[in-house]
Amino acid sequence: MRGLQNLKGAVCVKKLIETSFITVPNSLSYLPAIQAFAGEIAAALGFQKSEIQMTLLALEEAVVNVVEHAFEPDEKATYQIIFQPLLTGLKISIKDKGLPFAPNLVPEYVVPADIDHVAGTGLGSLLMKKSVDEISFNNLGREGKELHLIKHLPVKNIAEYQDTMEMTPFPKPSGEKIVPLEKKIYTVRAMDPSESFEVSRLFYRAYGYSYGIDSIYYPDRFEQLHRDGSIISVVTATEDNKIVGHFALVKDTPESRIAEAAMAVVQPEFRGQGCQNTMMARLIDEAGQAGLVGIFSKAVTNHVYAQKAGEKAGFKRVAIVVGLIPADRSFKGIHSELSQRESVAYGYFALANPSGLVVYPPDHHSQFIQKIYRNIGLERTYGQADMSALSVNIEDRSAVTTTVIPTYNRAVIEVRNYGGDTISVVKSTLKELCNKKIDQITLYLNLGDPHTALFCEDFEKLGFFIAGILPFSHVGEALLLQYLNNVNMDYSKIMVASGSAQEILDYVKAHDPNQI
């Protein structure tokens with residue numbers, strides 16, 4: 001690459017087949033060389049000039065943040081930039097071992113009242129958010145911290161095909177139980193990735209732009225997610241092979257051990273025909289063939305239909321996360337408008353039960369957690385955390401990941417490793433999220449780490465309260481805590497379909513500090 005000529009000895013470069021790493025001294029004088037390197041990678045991946053310029057703008061802001069804030073004045077150090085080609089574009093990670101700093105949590109930019117006023121902080125963060133598609137921040141403990149910037153290759157949105165394809169929205173359901181006029185003939189089978197366009201069109205006609213997983217609206221991107229194993233789909237097809245239904249397993253990463261059953265849609269005239277139940281059964285088979293150990297689901301609680309369907313398929317309730325979804329989300333005509341943020345009932349379907357797993361539930365939640373495990377049919381060894389023996393070196397730094405989901409105005413905090421600063425890191429992160437008026441925050445803790453039993457009450461003193469568990473999550477055997485930022489929940493409006501779900505809901509309400 002021509003840009004490498006500008007790096008002459010000043011930057012250590014290591015090229016791999018799929019990923020490039022550059023190690024850079026903490027001086028802004030190397031910024032042009034970094035941008036040249038990044039620009040040529042983006043061009044090679046197929047980005048157009050305008051997209052490259054936006055990517056370089058975000059990278060510039062991130063580099064300036066690291067150089068100016070991550071190190072002490074006059075400190076001689078280096079940091080690393082990782083360029084990882086994705087099937088859908090480019091991921092740039094900026095990693096350093098300097099001072100703790102969370103670029104994605106800086107105050108929001110406020111436009112000056114007039115030209116004579118000096119702009120406040122947050123402009124760089126705003127520019128990054130406007131220039132790339134995804135931003136996330138990871139606190140890596142002893143390994144430092146890293147900022148991820150993801151830029152997707154330009155692809156057509158499904159709405160751009162309206163000139164050539166029928167895109168008329170389906171009639172909105174009345175909310176009444178559907179009584180089929182005639183039996184429909186259909187087949188449920190695995191989806192071929194090449195059918196992504198037809199499935200995307202089906203979602204657009206059924207949901208408009210209200211569905212929460214944005215990739216469904218970009219057929220090319222949706223197809224790539226199938227090809228890399230992140231999504232496994234089944235479809236309902238007519239005799240002439242027209243797709244009229246879809247259901248999928250969505251994984252956090254291709255290597256995940258569990259997947260979410262999601263992205264369900266059925267064309268109106270095929271509803272009430274058993275399509276969704278048949279697709280769910282096929283999905284369970286697909287999950288087993290893929291080597292997954294479990295499937296989880298999220299069912300809304302403004303009605304019980306989805307919960308009943310999940311329980312009929314064998315899903316058992318493991319958590320109630322309150323206030324997860326904004327009140328302005330539509331739910332296929334069942335309610336045109338919600339009176340409060342929507343709560344979600346998590347379900348779990350066990351496909352396998354690996355032995356030898358030890359969990360350390362906090363003493364005050366131990367009976368509750370053990371009952372959930374028994375209900376879903378998973379055996380666990382319950383260790384007793386020795387509080388006197390458990391300690392963390394005050395010099396150890398915790399590994400905490402924070403992700404903000406703007407479309408839901410919620411955030412997720414994950415404690416990957418405990419350190420002497422764990423409580424202070426989570427407390428400061430919580431404060432920043434609250435200042436940004438994030439409504440709902442979910443905290444993931446690993447029950448396989450005995451320190452979770454030690455720290456749980458400290459998190460609860462910050463205002464977090466229990467939601468339930470999620471086995472085999474990306475943090476391990478997850479204990480889910482939740483926080484509501486000035487959001488009052490009327491628990492009488494949360495509808496659940498089973499006795500076990502009601503027990504979880506009652507337990508959650510009893511521990512919600514906002515209800516006391």
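Just so you know, these numbers use all the heavy atoms, side chains as well, and skip hydrogens, waters and symmetry mates.
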For this session: Verify the distance criterion only: is there a donor paired with an acceptor across the side chains of H365 and E460 at less than 3.5 Å?
Result: yes
For this session: Dump the intermediate steps for side chain to side chain donor-acceptor pair (under 3.5 Å) on Q224 and D220, then the final yes or no.
Result: CA-CA 6 Å; Q224 293 290 3; D220 292 342; over 6 Å; no
Exercise. Would you say F203 and M263 make side-chain contact, with heavy atoms under 4.5 Å?
Worked result: yes
For this session: Please check if the side chain of N138 supplies one atom and the backbone of E146 the other of a donor-acceptor pair under 3.5 Å.
Result: no
Exercise. In Å and rounded to the nearest 0.5 Å, what is the CG to OH distance from D512 to Y491?
Worked result: 3.5 Å
For this session: State which residues pass side chain to side chain donor-acceptor pair (under 3.5 Å) with Y373; sequence neighbours excluded, sorted by chain then number.
Result: E477
Exercise. Is any side-chain heavy atom of F465 closer than 4.5 Å to a side-chain heavy atom of Q482?
Worked result: yes
Problem set entry | Contacts of E503 that satisfy side chain to side chain donor-acceptor pair (under 3.5 Å) - sequence neighbours left out | K371
Exercise. If you measure from CD1 on I494 to CG on L505, what distance do you get to the nearest 0.5 Å?
Worked result: 5.5 Å
For this session: Report the distance from atom CD of Q440 to atom OH of Y408, rounding to the nearest 0.5 Å.
Result: 12.0 Å
Seminar exercise, completed: Smallest heavy-atom separation, E198 atom then N241 atom, equals OE2-O, 4.5 Å
Return all side-chain donor-acceptor pairs below 3.5 angstrom for residues 45-57, not counting sequence neighbours, or 'none' if the list is empty.
| from | atom 1 | to | atom 2 | distance (Å) |
| --- | --- | --- | --- | --- |
| E51 | OE1 | Q48 | N | 3.1 |
| T55 | OG1 | E51 | O | 2.8 |

Problem set entry | Within 6.0 Å of CG in N488, more than 12 heavy atoms from elsewhere | no
Exercise. Got a second to check how far F247's CZ is from T236's OG1, nearest 0.5 Å?
Worked result: 10.5 Å
Exercise. Just by modelled atom types, is the I232 backbone N or O under 3.5 Å from a matching donor or acceptor in the K251 side chain?
Worked result: no
Problem set entry | Non-hydrogen side-chain atoms of F83 and I92 separated by less than 4.5 Å | yes
Problem set entry | Test item: C434 and Y483 side chains (from C-beta on) under 4.5 Å apart, heavy atoms | yes
Exercise. Is S256 reaching over with its side chain to a backbone N or O of A259, donor-acceptor style, under 3.5 angstrom?
Worked result: no
Problem set entry | Heavy-atom pair with the smallest gap, counting every atom of S93 and K91 | OG-CE, 3.8 Å
Problem set entry | Check: E342 side chain, T301 main-chain N or O, donor-acceptor pair, under 3.5 Å | yes
For this session: Give a yes or no on whether the backbone of G208 and the side-chain of Y217 come within a donor-acceptor separation of less than 3.5 Å.
Result: yes
Seminar exercise, completed: residues 402-415 vs salt bridge (charged side-chain N to carboxylate O under 4.0 Å, His left out), sequence neighbours excluded, gives E414-R416
For this session: Would you please indicate if the ring centroids of F296 and Y348 are separated by under 6.0 Å?
Result: no
Exercise. Distance from E134 atom CD to T403 atom OG1, nearest 0.5 Å?
Worked result: 10.0 Å
Problem set entry | R271 vs Q276 side-chain heavy atoms within contact, under 4.5 Å | no
For this session: Could you tell me whether the side chain of S200 and the main chain of S196 form a donor-acceptor pair under 3.5 Å?
Result: no
Exercise. Should the heavy atoms of other residues, nucleotides or ligands under 6.0 Å from CD of E379 be counted, would the total exceed 12?
Worked result: no
For this session: Might you work through the side chain to side chain donor-acceptor pair (under 3.5 Å) test for D133 and H152, ending with a clear yes or no?
Result: CA-CA 7 Å; D133 295 297; H152 294 305; 4.8 Å; no
Exercise. Judged by atom type as modelled, is there a donor-acceptor pair below 3.5 Å linking the side chain of Q307 to the main-chain atoms of V304?
Worked result: no
For this session: Indicate yes or no: at least one non-hydrogen side-chain atom of M280 is less than 4.5 angstrom from one of S297.
Result: no
For this session: Step by step, work out the side chain to side chain contact (heavy atoms under 4.5 Å, CB included) result for V415 and V426.
Result: CA-CA 9 Å; V415 177; V426 172; 4.2 Å; yes
Exercise. Can you list every pair that meets salt bridge (charged side-chain N to carboxylate O under 4.0 Å, His left out) and has a residue in residues 346-357, with sequence neighbours left out?
Worked result: none
Problem set entry | Any donor-acceptor N/O pair, E286 side chain to V234 backbone, under 3.5 Å | no
Exercise. Has the side chain of Y207 got a donor or acceptor atom that lies under 3.5 Å from a matching backbone atom of V265?
Worked result: no
For this session: Using a strict 4.0 Å threshold on nitrogen-to-oxygen distance, state whether E432 and K436 make a salt bridge.
Result: no
For this session: Compare all side-chain heavy atoms of I469 with those of L480 and state whether any distance is below 4.5 angstrom.
Result: no
Problem set entry | Heavy-atom check, side chain of I258 versus side chain of V293, under 4.5 Å | yes
Problem set entry | Check: I82 main-chain N/O paired with K95 side-chain donor or acceptor under 3.5 Å | no
Problem set entry | Sequence-distant partners of D285, side chain to side chain donor-acceptor pair (under 3.5 Å), two or more places apart | none
For this session: Give the ring-plane orientation class for H226 versus H246, where under 30° counts as parallel, over 60° as perpendicular and anything between as tilted.
Result: perpendicular
Problem set entry | Heavy-atom pair of closest approach, residues L351 and G294 | CD1-N, 3.9 Å
Exercise. Roughly how far apart are R317 CZ and I376 CD1, rounded to 0.5 Å?
Worked result: 12.0 Å
For this session: Could you go through the side chain to side chain contact (heavy atoms under 4.5 Å, CB included) check for F270 and T238 one step at a time?
Result: CA-CA 10 Å; F270 280 80; T238 61; 3.5 Å; yes
Exercise. Looking at G468 and L479, what are the two nearest heavy atoms and their distance?
Worked result: O-CD1, 3.6 Å
Problem set entry | For L202 against Q267, the heavy-atom pair lying closest together | CD1-OE1, 4.0 Å
